[in-house]
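Here's the structure, in structure tokens; my notes come after.
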Amino acid sequence: MKIDGGCFCGNITFEADIDPEKVMICHCTDCQSITGSAFRVNVPVAKEHITFHGGQPKKMVKTAGKRQQARAGVLSRMWLAIVWGCAGGRSASFLLRVGAIRQRAQLRPKVQVWCCSALDWAMDVRAIPRFPKGQGT
């Protein structure tokens with residue numbers, strides 16, 4: 001599937017060819033910390049199947065696990081937007097953040113990983129009440 005997207009600040013855009021059957025939810029504690037949320041939704045893309053435009057992603061090597069994270073830019077020591085990451089420092093493929101993809105509504109996750117770290121409520125978000133009518137629904 002052909003996709004495109006970019007970082008929140010708009011400095012970097014990309015085009016890629018992905019397999020939508022490989023979209024995953026990751027519940028590991030790294031993903032929770034990096035996103036500030038309960039999980040992260042990723043899709044792998046081979047290095048030769050993605051093209052970046054605009055600025056160059058900045059790299060950060062996470063000490064625990066040697067996981068590389070690339071981000072679009074820096075503002076007062078805060079990273080603006082996560083674009084991709086390479087698990088284990090490998091560079092043959094990237095884990096592209098589905099939230100950065102323009103076609104994200106078409107990318108339903110097919111598997112959940114690191115469920116042993118999942119927050120209990122994150123495994124059953126349908127049980128959490130929605131806003132009343134007229135308040136964001």
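- Between Ile101 and Val43, the closest side-chain pair of non-hydrogen atoms falls below 4.5 Å.
- Separating the NE2 atom in His53 from the OG1 atom in Thr13 is a distance of 5.0 Å, to the nearest 0.5 Å.
- In this structure, Ile3 and Gln106 have side chains that are not in contact, with every pair of non-hydrogen atoms separated by 4.5 Å or more.
- At a threshold of 4.5 Å between side-chain heavy atoms, the hydrophobic network of Ile, Leu, Val, Met, Phe, Trp and Tyr places Phe131 and Ile128 in two separate groups.
- Distance OG1/Thr51 to NE2/His49: 10.0 Å, rounded to 0.5 Å.
- For the residue pair Ser117 and Cys28, the shortest heavy atom distance occurs at CB-CA, 4.1 Å.
- At least one donor-acceptor pair closer than 3.5 Å links the side chain of Arg104 to the backbone N or O of Gly99.
- When hydrophobic clusters are built by joining Ile, Leu, Val, Met, Phe, Trp and Tyr residues whose side-chain heavy atoms come closer than 4.5 Å, directly or via intermediates, Met1 is grouped together with Phe14.
- Between Met123 and Cys115, the closest side-chain pair of non-hydrogen atoms falls below 4.5 Å.
- Applying the salt bridge (Lys or Arg N to Asp or Glu O under 4.0 Å) rule to Arg108 yields no partners; only residues at least two apart in sequence or on another chain are considered.
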>> For a side chain to side chain contact (heavy atoms under 4.5 Å, CB included) check, start with the C-alpha distance between Arg40 and Val98, then their side-chain angles and the critical distance, and finish with the verdict.
In response: CA-CA 8 Å; Arg40 179 166 60 188; Val98 170; over 6 Å; no

> Would Leu107 and Ile18 satisfy side chain to side chain contact (heavy atoms under 4.5 Å, CB included), going step by step from the backbone distance to the final call?
Replying inline: CA-CA 10 Å; Leu107 301 174; Ile18 60 141; 3.8 Å; yes

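- Between atom CH2 of residue Trp114 and atom NE2 of residue His27 there is a gap of 13.0 Å, rounded to the nearest 0.5 Å.
- Rounded to the nearest 0.5 angstrom, Asn42 CG and Lys22 NZ are separated by 14.0 Å.
- The shortest side-chain heavy-atom distance between Arg97 and Thr35 does not fall under the 4.5 Å cut-off.
- Of all heavy-atom pairs between Ala38 and Leu119, the closest is CB-CD1, 3.8 Å.
- Qualifying salt bridge (Lys or Arg N to Asp or Glu O under 4.0 Å) partners for Asp19, counting only residues two or more places apart in sequence or in other chains: none.
- Side-chain contact between Met24 and Pro44 is present, with at least one heavy-atom pair separated by less than 4.5 Å.
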